[in-house]
Structures are given as C-alpha cells and as structure tokens.
Amino acid sequence: MADRYEPHAIEKKWQARWEADRIFDASDDDPRPQWYELAMFPYPSGDLHTGHWYHYSGADTHARYMRMKGYNVMFPMGFDAFGLPAENAAIKAGVDPAGWTATNIDNFRRQFKMMGSSFDWSREVITSDPDYYRWTQWWFLQLFHRGLAYRAEAAANWCPGCQTVLANEQVVNGRCERSDDIVERRFLTQWFFKITDYADELLRFDGIEWPERIQTMQTNWIGRSEGAILHFPVDVPRVEERLSVFTTRPDTVYGATFMVLAPEHPLVDRITTAGQRAVVEAYIQATSRETDVERLSTEREKTGVSTGANAINPFTGGPIPIWIADYVLGTYGTGAIMAVPAHDQRDFEFAQKFGLPIVPVFSSDEANVTRPLERAVPHGGRMINSGPFDGTPEAEAIPKVVTHAEAGGFGERTVNYRLRDWLISRQRYWGAPIPVVHCERHGIVPVPEDSLPVLLPENPHFEPSGQSPLTQIDEWVNVPCPVDGGPARRETDTMDTFMCSSWYQMRYVDPHNPERPFSRELAKKWLPVDQYTGGADHAVMHLLYTRFFWKAARDMNIVEGDEPMLRLFNQGTLLGPDGQKMSKSRGNVVAPDDQVEKHGADAFRCQLMFVGPWDQGGPYNPTGMAGIERWLRRIWSVATEPVEVWDGVPAAATRDLRRATHKAIRAVTEDIEQFSFNTMISRLMELSTAMQKARDAGPVEPRAWDESLEALLLMTAPLAPHVSEELWERLGKPYSVHLQAWPRFDPELASDDEVELVVQVNGKVRDRIRLPAGASEEDVQAAVMALPRVAEQVDGKQPRRVIYVPDRLVNIVL
RNA sequence: GCCGGAGUGGCGGAAUGGCAGACGCGACGGUCUCAAAAACCGUUGAGCUCACGCUCGUGUGGGUUCGACUCCCACCUUCGGCACCA
C-alpha cells in the first residue's frame, strides 16, 4: 500500500482517464450556475514555454476551484494562429505557414495535456481555420456597414532591400533585421476602425473588476484632453485651406511666435518656399527613419527647419513663421501645433535653439516680463501681451478666448484623444483577407456575407516584389465585381491578428455554428466572461480592442451588457533563474518538457505557483523545487502510510487537529479566491506538517483524521491534480476528486481559545501575554499593567493614552 | 522620454497602519545507517551581551501617526507597455 510517489506513472494514467471521461467539458444544458473562465489563448510558436505554463497553471487552478465550488465551468482553449512568425518561417525556411502552424498546434496540445490542464477541448478554436476567419471577416463587414471602417493614408515601415513592409519588431535601430537596409517610412492607403468613436465610453469601467493599474494605463492610453482647434490662415499663394492646430492652451495664442508641423504633415510640400525646399526635403528624409519614441524624447536636442512660409495669427493678423520639427507627431491632434515658447518647455527649447522670439502672455509678476525667462512657465497669473484679453485671470482665460474664436469663425472647443483609430491593414499573407473588392465602376464593394469566407489562396510566394504576397496571385486577385460581375480586384491586405483575438471569447460559446458567429441564446447563457486571465503586457492593446468589439456588438444587438470581461487578473512575467527575461541567447530558459520529465507535472505546476505572487511574476527559482517535491511526498506519506486511530484520543489533541484543518480551509479559500497561489501552498504545507506531527505524536481520532485528509487532498487538487486524484482513489473515495465539493470551514472550529497579545510601551514591544480570546479592554489593561516589564517601563507614571487593538496588541503611551 | 508596476535575510518570498522575515530553498549541527540517499529533529537578519536582555534593520532622503514594509512627497534602481510581436 505505502509505495513511493512516482509522478510519471500516475500522471499519464489520469490524463488518459480524464480525457476519456470528458469530465471537463462544459454542457450548455447544465442547470447549475455557469462560470466562464478564460485564459488568453496562445500564439502557437514552436513550444509551450515556461511563461505559458506560468499563466495556464494559475488559470487552470482557479478553473478547477470554481468547478469544486459547484459551478458549471466553461474553460476553453484555442490558438491565435495567424501572425508574423509563421510568415517569417515561410520566408526563411521555405515552409508553408499553414503546415508550420498546424505542427505547432499539435505540439501545444500535447504539452497542454501533459501539464494536466482541464480545458474543454470540444470548444477549441483556431483563428486561421476558414470556419473561424470567415466570421472575423463577417465582423469586418458589420463594422464597415455601421460606418466604423474607413480607409486613409498611414505610414508603414518600408525596407527597400526586401521590398516589403516591416513590422516594428523587424526594425532594429532603424534597419531591417534581415537585410540591414535603412528602413524608410512609406505612406499607404489602409483600413482603420473608428475605435475613437468609443473613446469616452472606453474611459468608463463601470461594473467590472479590473486591476486599478490596467484602468489607469487604458485611461492614459486613451489620453482625453479638452482644448480647442484654432485655424490659422496660411500666407502662401494658392493655398486656401487654413492650418488647424489642436491646443489645450488656446489662451496662450498671443504668445504663439511660430508654428510647427510634423514633417509628414500634408501641407508641408505646398507651403515650402523655393529657397527652403532642399533643406526641408532633407529633413523629412532624415526624420522618416525615426521612431515616435525617439521623436518624443525630451532628452535629445530639438531639431527642425523653417519652411520659409508664414501663417497669420487670426487674433492679431500678424505673421507667424512655419517650421517643421520631429517633436510634433503626425498622428497626434492635427499633426501641427502653435508654439508658445514662454509657456511650453519643448517650444521653449526649440525657440532658444533657433533664436525665435519668446513672448510671455501670462504673468503674476510684472518684473518677470522684462527679465528673459530661464524656462517655460506653464501656469499662473493673468494674461498680458494679449490685446483685449490683458488682465484676465488664468481660470477665466480659456473660455473667453475660445468664445472669441468661435464668434470669429477661426476656432472651436474640442476634445482630443491620444488614442488613434485602429489601423487593421497588414501587407502580409498569413492573416484573414479583408473581404472587400475594388471595382473601377463601383468603388469599394464589400464581399456579400453569403460569399464568405474569402479563402486564403494556397501556395503563396514570398519574393520581394514590392507588394504583399497576395497581390502576386492573379487568379486570386482578379474576381468578378459582386455588383455586376464585371472585372474587379480583391483587397490584398489582410487583417491585424488583434481582430481575431478581439472576439474569440464569443466564438467559444458556440464554436461550431455554421450559420452565425454564435447564437444569441448561447451568448446570453455564457457571456460576458466571468474571469479573464492573461499577461499585463496586454494592458492596453488587446484589452482595449476587445472592449471596442464588444461595445460594437452590443450596438449591433448581438450581445447584452457593456463589458466583455467582468473580472480581470493579470499574472506577472516569469523571469529566468538569473532574474533576466528568459531567452535562448541568455541561456536561462527553463524548458517545461525537461522539468516534467525530472519532477513531474504536478511538482512543476506547484513550483511555478510557489515562486512568488502571481501578479508580480519574478525569477523562476529552480532550487525551490526540492521543497515542493518534499511537500508532495509528505502528502503521499500522510495519505498512504498506516495511521494509528483510537476513539479515546484526548479531546484537546483532536481539537488541535481540527483547528489546524479548519484554519487551513479558511486561509486556503481566501488565498485561491485572490489568486494568491504562493501563500495558498504555504498554508497547505502547514496543514500537511501539522497532520504528520499529529500522526507521529500518537493515535489520532479517526473522524478528525479523515476530515483533515479529505480537506488536504481536496484543496491540493486544483494545484496538483494528478497526485490528489491518485490518493483520493486510494482512500476509496468516489471519482473524481475534481468533481467533489470544495471543503467548508466552521468558524467556531477555526477560532483560537487563547491569543497572544503584544504589549508595547511607547510603540516598542516590551512583552507578550497570553489571554483568552475576546477579553474585555478592562481585563486586558489590568493584566498588562500587572506585568513586571511594563511596571518597570511605566515606572509609576500616568499613561497618557492606552491603545488597544482587540486580540492583537496593547500600546501604552507615556 | 512618456505611462504603469516592483525594491524586505545568503536566495524565492510573507505581513486588513499593529510581534518584520510566515512558508520554502540553502547552510550549519544532530537522529537513523556499515555507508549513502531518503526521512525526521534543531539552529539560522546584523551587532552587543556569560546571561535576563538591549540596539539597529524592509532601495535612499524627508513627512504624517501612539505606531509605517504598508500612507504622502522627492530621488535611485529595476521590470512591463508605447500602437505592424502576440
């Protein structure tokens, strides 16, 4: 009976049994309350790495816990299978992206099973399957029909050597990672989604429990700012349109001593004077290689050139020189600013460098006006140098100035967002084709819904042709126009893979529906997601996109409620044993397959959960594995080794065992509810040690022992599913441990009769005293004052104050 | 650079504003053994003290409080994100 714990034999056995019995499949007809537990699905790159295990071990543990709490749990898994790595493999190794992806998925599935995960595989979705991307295309059409999709020019990284568009990831120090060519910025007409239509709503997080930090990051990412657009006429012949700038400080308009356009601003070409053309073009060329991060850095010296043209300040009629500079971004606001060097530090530095005038228009100190400023003064004082507005206090300045501009027709108040519309076009093969056709007679024609999916052609070629791979497949590109059957061409861009992952949680509820992305009934039953887990690295993009999709779906009347995921928990990043990010080049990668072979899946899962707080991540600690294995063997020992039982055990000993059990249940339950897996394991270690000590100290009361053992195995089950199942069976309990009810604690049994109070004098611990729990303040004070150490410290003085924290501490302030 | 986290023994970490260091690793000492492994027991923040004990100690500097790892301000270090990696 008491044989050794051999993880490999039992793990294989139980994985096969669970799969055969399909005990983790969620039924749509189960009458129990449902719980939708969702873990962000992976991109199937070569191997399921330790970072994946870190995430899915925690998610799996929580899903198993919710099952034991009595919920009908849906815990699906799938694959975010379109994307760049498959295409890179195709280009580098000549393999087919579809085949490469399928092989990886097979490997992922094998590894998921090896870790003892409790996913419902009957609901699997693979985003690169036509059955799935057909509906991704359907989403595109819905957003298009609702006016949420539009085309506009947008910059892309262009490698002149490879003749292709590069992802930011493929650009290293301004050069192509493959060919080392200098990467250029090239403008292409691309598709956008109007996520900014939902910006204000996305700023609200009502009714959802998301980490504060994620809400803050999303709020800052959306970056709402109130201000005004001001329109400046341009003093250039044949340029009729005005130069519009967004500013949060329209009240400083009299201090605008120059204008700055982003180098890529559309007006630059037309306003540049003949004399400045050469330097302007050179500057545009030079800045076209910079990233936004470089451009926004406040550390670098400001650069820029004059266009030679002037704008007219509509408030004064005076001329203002127009410059271009890289610190103004084409993608924020209108891509142009009025520069007020006296009150904006960036403008100040620029003005100093290029000798442009600095005119203060606010001051609280008359003397300030004559002295040259040493830096920009962002706030304070009354308006000066501002014609009719002089003397206006800062608090009233903006409304007054904007009202004037609105009356004069050269400005209006507005709200600007840092958030940009979502660029979804990718000039790539391995993605879902955008379902539109370009027709000379009918323009942009959406593919009719009943013609979906627009299938990806097989056998793509990846020669450097200057166009996306799909463009080169004539028989695919040339199609009849859906309107009249005349000649037309398919859109050859594919969709950003974030589109696939923006709605996958909806497909899981009805994954095989051939008629619709999902049925209304099943959506109503399962959605929204109750608990979502995934990396904090997705804080802004994926988590914002999926909220946008959901809100659009709500407006389409296909889902109910305002938010897609009610609760979110972000696990941290698991680092290598050296505290560095795991990477092959650093040689600090911990391979899950090796760990499972050495220690078993249960031990590896537990070790990952034990290394630290799940939301913080941190270094993987391989030496700690010994402690986890010791603990699992200890559980094995208390469950399998003979125990001497006796009905006549002294009540106090039985009471101690039961107290340990019920305290553990209380603490473990609190911990798992909060994803505090590391402390949960600590508590279980304490319980197993307490049981071992009780057993070794003499006979145990049989019912109390059985209660402890049951609780220990039930609470270990979500963490170490195989060994707990094995021991549960050996105890003769009904299959499966994972389908049992989570243990409950009795507050009475978990409570202490006696507590140890800390006794402080002036905030310093001077003694401790054991007293009955819940003692009255008078009794406690009397007992404390009688302590010799306290008497010595108090020394006959009258305490100024006595602070009493029940059952914890007494502090005597002298 | 901007936004968001984190910093506690030799190591991973624990701690509703209330005993800093739970739990685990490692180390040291011991039991068992011919021996080893396994298992079990004990010690383990620093300094001072024969000792009862005392002092110091949670990245740095300041503040609030009877009391601060915890709250506030500034700084340093480090990790994640920055829109075509997913």
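Below, chain A is the first sequence line, B the second, and so on; all start at residue 1.
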(request) Identify the residue among A:Y504, A:W503, A:F79, A:F41 that makes a ring-ring contact (aromatic ring centres under 6.0 Å, His included) with A:Y132. (result) A:W503
(request) Using a strict 4.0 Å threshold on nitrogen-to-oxygen distance, state whether A:R695 and A:E641 make a salt bridge. (result) yes
(request) Keeping the roles fixed (side chain from A:R768, backbone from A:V758), state whether a donor-acceptor pair exists under 3.5 Å. (result) no
(message) For the C1' atoms, the ones on B:rG61 and on B:rC76, what distance do you get once it is rounded to whole angstrom?
(response) 11 Å
(request) Can you check each nucleotide of nucleotides 68-82 of chain B against protein heavy atoms at under 4.0 Å and return B for base, S for sugar-phosphate only, - for none, in 5' to 3' order? (result) ------------BSS
(request) Check the side chains of A:T219 and A:T216 for a donor-acceptor pair under 3.5 angstrom, ignoring hydrogens and angles. (result) no
(request) Could you measure between the two C1' atoms, the one in B:rG80 and the one in B:rA68, and give it in whole Å? (result) 28 Å
(request) Note every stem involving RNA chain B: at least three consecutive Watson-Crick or G-U wobble pairs, i with j then i+1 with j-1, with both distances under 3.5 Å. (result) B:1-7 with B:76-82, B:10-12 with B:23-25, B:26-31 with B:39-44, B:45-48 with B:53-56, B:59-63 with B:71-75
(message) So does A:M40 get a backbone contact from the side chain of A:Y56, meaning a donor-acceptor N/O pair under 3.5 Å?
(response) yes
(request) Considering only atom P, compute the distance from B:rU58 to B:rC69 and round it to an integer number of Å. (result) 7 Å
(message) I'd like to know whether CZ of A:R770 has more than 12 heavy-atom contacts from other residues, nucleotides or ligands below 6.0 angstrom.
(response) yes
(request) Round to a whole Å and report the spacing from CG of A:L329 to P of B:rC2. (result) 15 Å
(request) Could you say whether A:P42 or A:M625 is positioned toward the 5' end of RNA chain B, judged by the nucleotide with the nearest heavy atom to each? (result) A:M625
(message) Could you check whether the side chain of A:Q170 and the base of B:rC84 have a donor-acceptor pair of N or O atoms closer than 3.5 Å, going by distance alone?
(response) no
(request) Respond yes when some side-chain nitrogen or oxygen of A:R426 is under 4.0 Å from OP1 or OP2 of B:rC84, and no when none is. (result) yes
(message) Does A:R801 reach a base, just sugar-phosphate, or nothing at all? Heavy atoms under 4.0 Å.
(response) base
(message) Give me the distance, rounded to whole Å, that separates B:rG9 from B:rU60 when you measure between the P atoms they each carry.
(response) 10 Å
Report, one pair per line, the protein and nucleotides 52-59 of chain B atoms (nitrogen or oxygen only) whose separation is under 3.5 Å.
| unit_1 | atom_1 | unit_2 | atom_2 | d |
| --- | --- | --- | --- | --- |
| B:rG53 | OP1 | A:R789 | NH2 | 3.1 |
| B:rG53 | O5' | A:R789 | NH2 | 3.3 |
| B:rC54 | OP1 | A:R766 | NH1 | 3.4 |

(request) Could you tell me whether A:L809 contacts a base, only the sugar-phosphate backbone, or nothing, with contacts defined as non-hydrogen atoms closer than 4.0 Å? (result) base
(message) In this structure, how many angstroms lie between the P atom of B:rC25 and the CG atom of A:L632, rounded?
(response) 12 Å
Tell me which donor-acceptor pairs under 3.5 Å the side chains of residues 493-500 of chain A have, and how far apart each pair is, sequence neighbours excluded?
| unit_1 | atom_1 | unit_2 | atom_2 | d |
| --- | --- | --- | --- | --- |
| A:D493 | OD2 | A:Q427 | NE2 | 3.2 |
| A:T494 | OG1 | A:R426 | O | 3.3 |
| A:T494 | OG1 | A:R428 | O | 3.0 |
| A:D496 | OD1 | A:R426 | NH2 | 3.4 |
| A:D496 | OD1 | A:F498 | N | 3.1 |
| A:D496 | OD2 | A:W422 | NE1 | 2.9 |
| A:D496 | OD2 | A:R426 | NH2 | 3.1 |

(message) Does a side-chain N or O of A:N220 approach OP1 or OP2 of B:rC2 to a distance below 4.0 Å, or not?
(response) no
Which protein N or O atoms sit under 3.5 Å from an N or O of nucleotides 8-14 of chain B?
| unit_1 | atom_1 | unit_2 | atom_2 | d |
| --- | --- | --- | --- | --- |
| B:rG12 | O2' | A:V611 | O | 2.3 |
| B:rG13 | O5' | A:V611 | O | 3.4 |
| B:rG13 | O3' | A:N678 | ND2 | 3.3 |
| B:rA14 | OP1 | A:N678 | ND2 | 3.0 |

(request) Test the A:R185-A:W158 pair against the cation-pi criterion, namely NZ or CZ under 6.0 angstrom from the six-membered ring centroid and within 45° of the ring axis. (result) no
(request) Round to a whole Å and report the spacing from CH2 of A:W631 to P of B:rC23. (result) 15 Å
(request) Kindly indicate whether the side chain of A:Q616 and the base of B:rG5 share any N or O donor-acceptor pair separated by less than 3.5 Å? (result) no
(message) If I pick the P atom on B:rA22 and the same atom on B:rG10, what distance separates them, to the nearest angstrom?
(response) 14 Å
(request) Would you kindly give the CD-to-C1' distance between A:Q607 and B:rG24, to the nearest whole Å? (result) 9 Å
(message) Tell me if a side-chain donor or acceptor on A:W210 pairs with a main-chain N or O of A:M565 at a distance below 3.5 Å.
(response) yes
(message) Distance check, P atoms only: B:rC82 and B:rA86, in whole angstrom units.
(response) 11 Å
(message) Looking at A:Q190 and B:rC84, is any side-chain donor or acceptor paired with a base atom of the opposite kind under 3.5 Å?
(response) yes
(request) Report the glycosidic orientation of B:rG9: syn if within 90° of 0, anti in every other case. (result) syn
(message) Using a distance-only criterion (donor-acceptor N/O pair, under 3.5 Å, no hydrogens), is the base of B:rC19 paired with the side chain of A:R808?
(response) no
(request) Check for a donor-acceptor pair, side chain of A:N811 on one end and backbone N or O of A:I803 on the other, with a separation under 3.5 Å. (result) no
(message) For the P atoms, the ones on B:rG59 and on B:rA37, what distance do you get once it is rounded to whole angstrom?
(response) 39 Å
(message) Within the 4.0 Å heavy-atom criterion, would you say A:L419 contacts the bases, only the backbone, or no part of the nucleic acid?
(response) base
Taking N or O atoms only and anything under 3.5 Å, show me the protein contacts with nucleotides 40-43 of chain B, one pair per line.
| unit_1 | atom_1 | unit_2 | atom_2 | d |
| --- | --- | --- | --- | --- |
| B:rC40 | OP1 | A:R634 | NE | 3.3 |
| B:rC40 | OP1 | A:R634 | NH2 | 2.5 |
| B:rC41 | OP1 | A:K693 | NZ | 2.9 |

(request) May I ask you to check whether A:F350 and A:Y327 place their ring centres under 6.0 Å from each other? (result) yes
(request) Evaluate the side-chain proximity of A:L188 to A:V165: yes if any heavy-atom separation is below 4.5 Å, no if none is. (result) yes
(message) Is there, by distance only and without an angle test, a donor paired with an acceptor across the side chain of A:N811 and the base of B:rC66 below 3.5 Å?
(response) yes
(message) At 4.0 Å (heavy atoms only), tell me whether A:R633 reaches a base, stays on the sugar-phosphate, or touches nothing.
(response) sugar-phosphate
(message) Does A:N173 have more than 12 heavy atoms from other residues, nucleotides or ligands lying within 6.0 Å of its CG?
(response) no
(request) Classify the nucleic acid contact of A:L423 as base, sugar-phosphate or nothing, counting any heavy atom under 4.0 Å across all strands shown. (result) base
(message) So does A:N678 get a backbone contact from the side chain of A:S682, meaning a donor-acceptor N/O pair under 3.5 Å?
(response) yes
(request) Send over the distance from A:L687 CG to B:rA22 C1', rounded to a whole Å. (result) 15 Å
(message) Between A:D181 (side chain only) and A:C176 (backbone N and O only), is there a donor and an acceptor less than 3.5 Å apart?
(response) no
(message) Could you check whether A:D752 pairs with A:R659 (Lys NZ or Arg NE/NH1/NH2 to Asp/Glu carboxylate O, under 4.0 Å)?
(response) yes
(message) Any side-chain to backbone donor/acceptor pair from A:S425 onto A:Q190? Under 3.5 Å, distance only.
(response) no
(request) Using a 4.0 Å heavy-atom cut-off across all strands, classify A:S637 as base, sugar-phosphate, or nothing. (result) nothing
(request) Nearest-nucleotide wise, let me know which of A:N762 and A:V758 is further upstream toward the 5' end of RNA chain B. (result) A:V758
(message) Using ring centroids (six-membered ring only for Trp), state whether A:Y133 and A:F82 fall under 6.0 Å.
(response) yes
(request) Using the C1' atom as the reference point in each nucleotide, state the distance between B:rC23 and B:rG13 in Å, no decimals. (result) 8 Å
(request) Name the nucleic acid region contacted by A:V165, choosing base, sugar-phosphate or nothing; use a 4.0 angstrom heavy-atom cut-off, strictly under. (result) base
(message) Please check: side-chain N/O of A:D671 versus main-chain N/O of A:F677, any donor-acceptor pairing under 3.5 Å?
(response) no
